[in-house]
Each structure stands twice: as C-alpha cells, then as structure tokens.
Amino acid sequence: MFGFLKDKLKSWFKSSEKKTEEKAEVVETKKKEEKAKKHEEVKGEAEKITEEVKEVEERKGFFSRLKDKFKFKVTEEYFQEVFEDLELIMLENNVALEVVEKIKSDLKKELLNLEIKKEQVAEKIKEALKISLESLFVENINLIEKIKQSENQPFVIVFFGINGSGKTTTIAKIAYLLQKNNLSCILAAGDTFRAASIEQLEIHASKLKIEVIKSKYGADPASVAFDAIKHAKSKKIRVVLVDTAGRMHTKENLLKEMEKIVRISKPDLKIFVAESITGNDATQQAKSFNDAIGIDGIILTKADVDEKGGTSISVSYITGKPILYFGTGQEYKDLELFNKEKLLKQLGFD
Ligand code: GDP
C-alpha cells in the first residue's frame with residue numbers, strides 16, 4: 001500500500017527543502033541590498049554623528065545580523081507555495097478534500113510565522129504533517145476481545161457494502177479469524193437480491209466447514225437474519241455474521257431494507273466494507289451508510305492493490321469511525337489488523 005503516495009511525499013519533502021533554500025537566498029540577498037543602501041546613507045551622514053552613537057549602532061547591527069543569519073521565517077507566501085504541492089499530491093492520491101483542508105489548517109497553525117534555522121524547516125514540516133495525520137484516525141476496536149467480553153449470545157455482526165467491494169470474501173475472512181480464535185460462527189445469507197450471492201456464500205461456508213442460514217431469492221433479508229440468530233441461540237453458536245445486499249440502483253429501498261435488518265437483528269456491530277482502490281467513492285459510501293444506519297467500523301478491502309492509499313487516510317476522519325482491518329488479498333488469511341503506527345511508517349514517517 002501507499003507506493004505512489006510515499007514516493008510523492010518523499011520528493012515533496014525534498015522540494016520543500018529546496019524551496020526553503022531558495023527563499024532563504026532571496027531574503028538574504030534582499031537584506032544585503034538593504035544593508036548596503038543603509039550603509040551608503042549612514043556614510044553620508046556620518047560626519048554629523050558622534051563616535052559614541054556610531055559605536056552603539058554598529059554593535060546593535062552586529063547582534064541583529066547574527067540573529068538573522070540563524071533564523072528562517074515561515075511566511076504566508078512560503079507556506080502557500082509549499083503547501084500547494086502537498087495539496088495536489090494528496091488530492092491525486094485520493095485523500096478527501098475535507099481531509100486536505102484539515103491538514104492544511106493543522107500545518108498552518110503549527111508552522112506559520114515560525115522562526116527556525118533553515119536546515120530545520122523541512123524536518124519541522126515533516127513532524128507537523130505526521131502529527132496532523134495521526135489525529136485523523138479513530139481508536140481501533142479489538143474485535144476478538146469485544147466478542148469474548150460480550151454477554152450477548154449470539155454476538156451479531158452485520159456487514160454492509162456495495163456489490164463487488166469484497167463483502168462476501170471479507171465475511172469469510174472474519175469467519176476464518178473467529179475459528180482461529182476458537183469462536184464458533186454461522187453465516188446468514190441476507191443478500192437475497194443478487195443472483196448467485198447465496199451460492200457464493202455457501203462456497204465459502206463449505207470450505208470453512210460452517211453453516212449458512214438461507215432463504216429464497218426475493219425473501220426478506222431481515223427474516224433470514226432473525227432465523228440465523230434464533231438458530232445460533234438454540235445451538236449455542238457464538239457469532240452470527242450477516243451478509244446484506246449491496247445494489248446501488250435503488251438506494252432508497254436499499255437503505256430502508258438495511259434499517260429493517262438493523263431493527264430486527266439488533267447487531268452488536270455494523271461493519272461497512274469498502275474497496276480501498278475506489279478512493280473518494282468509498283469514503284462517500286461509508287459516509288452515507290454511516291448517516292443512514294450508524295456504522296461502527298470499516299474494513300477496507302483490496303489494500304494490497306491500492307498504491308494511493310488516500311481512502312485509508314480519509315475514511316475514519318470523514319465518518320468518525322475506526323478502520324478495523326485491511327483486506328490484503330484473496331485468501332482467508334489476508335486480513336490485516338489496522339495499525340496507525342504501521343500505516344505512518346508505510347508512508348515514510350519513522
Ligand atoms: P462482493 O460482491 O462485495 O461480495 O465481493 P466479493 O467478495 O465477491 O469480491 C469481489 C472480488 O474481489 C473477488 O474476486 C475477491 O476475490 C476479490 N477480493 C476481495 N477482497 C480482496 C482483497 O482484499 N484483495 C484483493 N486483491 N482482492 C479481493
């Protein structure tokens with residue numbers, strides 16, 4: 001993940017160093033010219049000034065020259081110039097506009113009018129950017145611990161997401177993860193709309209040797225979820241994973257259906273599955289599902305083929321909900337726990 005963005009950020013840090021150098025040179029030259037001019041004026045008036053005053057002036061000049069030599073001031077003009085490049089890099093790499101604006105305001109607060117040694121400017125920018133990025137994420141939920149500590153029997157997780165986002169595969173990955181943690185589970189085939197979706201879920205279930213509770217195509221998905229929960233209760237199965245439909249074209253109906261599933265199944269967790277590579281689309285989908293049904297967390301799939309990574313930077317901030325896992329491949333084991341520090345490292349921040 002982050003192949004493009006990391007390289008772009010690296011060259012941006014270099015270019016900000018170069019810009020600092022250039023800017024410092026311009027300021028230095030200007031100062032030299034002004035000083036030379038002043039010197040000429042002073043020279044003209046020199047005869048009128050006493051020796052004592054002259055000495056004091058020179059001493060003052062010496063100290064201010066010394067100060068100037070070490071300090072570089074981050075002016076509005078310099079900030080705009082440097083940030084413009086970063087803004088472009090972030091937008092090109094799928095970082096949501098709202099997030100870019102937040103980063104800009106954070107950096108401005110931290111950097112504007114700052115006076116530091118010019119050799120330290122690039123490092124200071126990097127530090128401010130790291131702090132700003134860190135603040136974008138919401139604390140992760142420890143899914144396994146949450147289930148183990150819950151008194152609800154069964155623990156119900158409903159998965160939402162648009163068709164093709166990798167929802168079915170992700171449900172199977174979570175089932176695999178639960179098995180590895182000695183937590184029994186069943187699947188509820190709640191996508192009764194899309195042809196072959198039930199069979200697709202059954203294929204995963206048979207590979208993982210778990211049960212699927214299903215109905216006919218066109219049946220009410222909320223009642224499928226209800227049946228699965230009833231079954232899990234009677235068989236003491238710890239977790240129910242509910243699949244849902246993800247069609248886009250009847251958005252109003254879809255959201256009504258989602259609300260009904262939530263009302264009937266009273267899930268412990270509502271997880272939104274989105275495709276990392278679709279960038280702002282994924283971020284916006286997560287936002288509208290969150291507005292409609294209040295999601296608890298996000299799983300970003302196909303992170304293994306997402307070179308840009310802007311969705312993972314934006315989606316938590318936009319929804320206020322944590323990223324739980326990244327899908328990192330097509331195998332059941334390819335589910336990676338979200339870790340903020342690791343993500344920042346991948347972006348080139350140590
Ligand atoms: P659904 O329509 O949302 O249920 O999507 P599927 O689970 O059927 O996934 C669609 C395609 O994406 C399948 O070919 C999956 O193997 C693939 N896929 C799912 N998750 C990942 C992932 O994390 N990485 C990669 N590379 N492919 C994935």
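For this chain, numbers begin at 1 and follow the sequence in order. Atoms within a ligand are numbered from 1 in the order they appear, just like the ligands themselves.
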Taking only heavy atoms of [X], which atoms of ligand 1 are found under 4.0 Å from at least one of them?
| X | value |
| --- | --- |
| I162 | 3 (O) |
| K173 | 22 (C), 23 (O) |
| T328 | 23 (O) |
| G327 | 23 (O) |
| D304 | 22 (C), 23 (O), 24 (N), 25 (C), 26 (N) |
| S165 | 3 (O) |

Does the separation of the ring centres of F272 and F160 fall below 6.0 angstrom?
no

Spell out, as yes or no, whether a donor-acceptor pair under 3.5 Å connects the side chain of [X] to the backbone of [Y].
| X | Y | result |
| --- | --- | --- |
| Y217 | I198 | yes |
| S105 | E101 | no |
| S150 | I147 | no |
| D268 | V156 | yes |

List the closest protein heavy-atom neighbour of [atom]: residue, atom name, distance to the nearest 0.1 Å.
| atom | answer |
| --- | --- |
| atom 16 (O) of ligand 1 | Q330 NE2, 3.1 Å |
| atom 11 (C) of ligand 1 | K302 NZ, 4.0 Å |
| atom 8 (O) of ligand 1 | Q200 NE2, 2.6 Å |
| atom 10 (C) of ligand 1 | G164 O, 4.0 Å |
| atom 4 (O) of ligand 1 | T168 OG1, 2.4 Å |
| atom 5 (O) of ligand 1 | G166 N, 3.1 Å |

Can I157 and V242 be said to form a side-chain contact (heavy atoms from CB on, under 4.5 Å), step by step?
CA-CA 6 Å; I157 308 177; V242 184; over 6 Å; no

Region of V273 that comes within reach of ligand 1 [heavy atoms, distance under 4.0 Å]:
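The answer is neither.
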
Residue part near ligand 1, for T169, under 4.0 Å between non-hydrogen atoms
both

Could you tell me whether some N/O pair between [X] and ligand 1 is separated by less than 3.5 angstrom?
| X | answer |
| --- | --- |
| G329 | yes |
| R194 | yes |
| K167 | yes |

Any side-chain heavy-atom pair of L208 and Q179 under 4.5 Å:
yes

Identify every side-chain donor-acceptor pair in residues 320-335 under 3.5 Å, counting partners at least two apart or on other chains, and give the distances.
| unit_1 | atom_1 | unit_2 | atom_2 | d |
| --- | --- | --- | --- | --- |
| K321 | NZ | N290 | OD1 | 2.9 |
| K321 | NZ | I295 | O | 3.0 |
| T328 | OG1 | D334 | O | 3.4 |
| Y332 | OH | H204 | ND1 | 2.7 |
| D334 | OD2 | Q330 | N | 3.3 |
| D334 | OD2 | E331 | N | 2.9 |

side-chain hydrogen bond (donor to acceptor under 3.5 Å, both in side chains): pairs with one or both residues in residues 226-235, sequence neighbours excluded
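Those involving residues 226-235 are E211-H231.
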
Could you verify whether a donor N or O on one side chain and an acceptor N or O on the other, from Q80 and E76, lie under 3.5 Å apart?
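Yes, side-chain donor-acceptor contact under 3.5 Å.
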
What class does the angle between the rings of F349 and F13 fall in, given that below 30° is parallel, 30 to 60° is tilted and above 60° is perpendicular?
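Judged by the thresholds at 30° and 60°, the geometry between F349 and F13 is perpendicular.
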
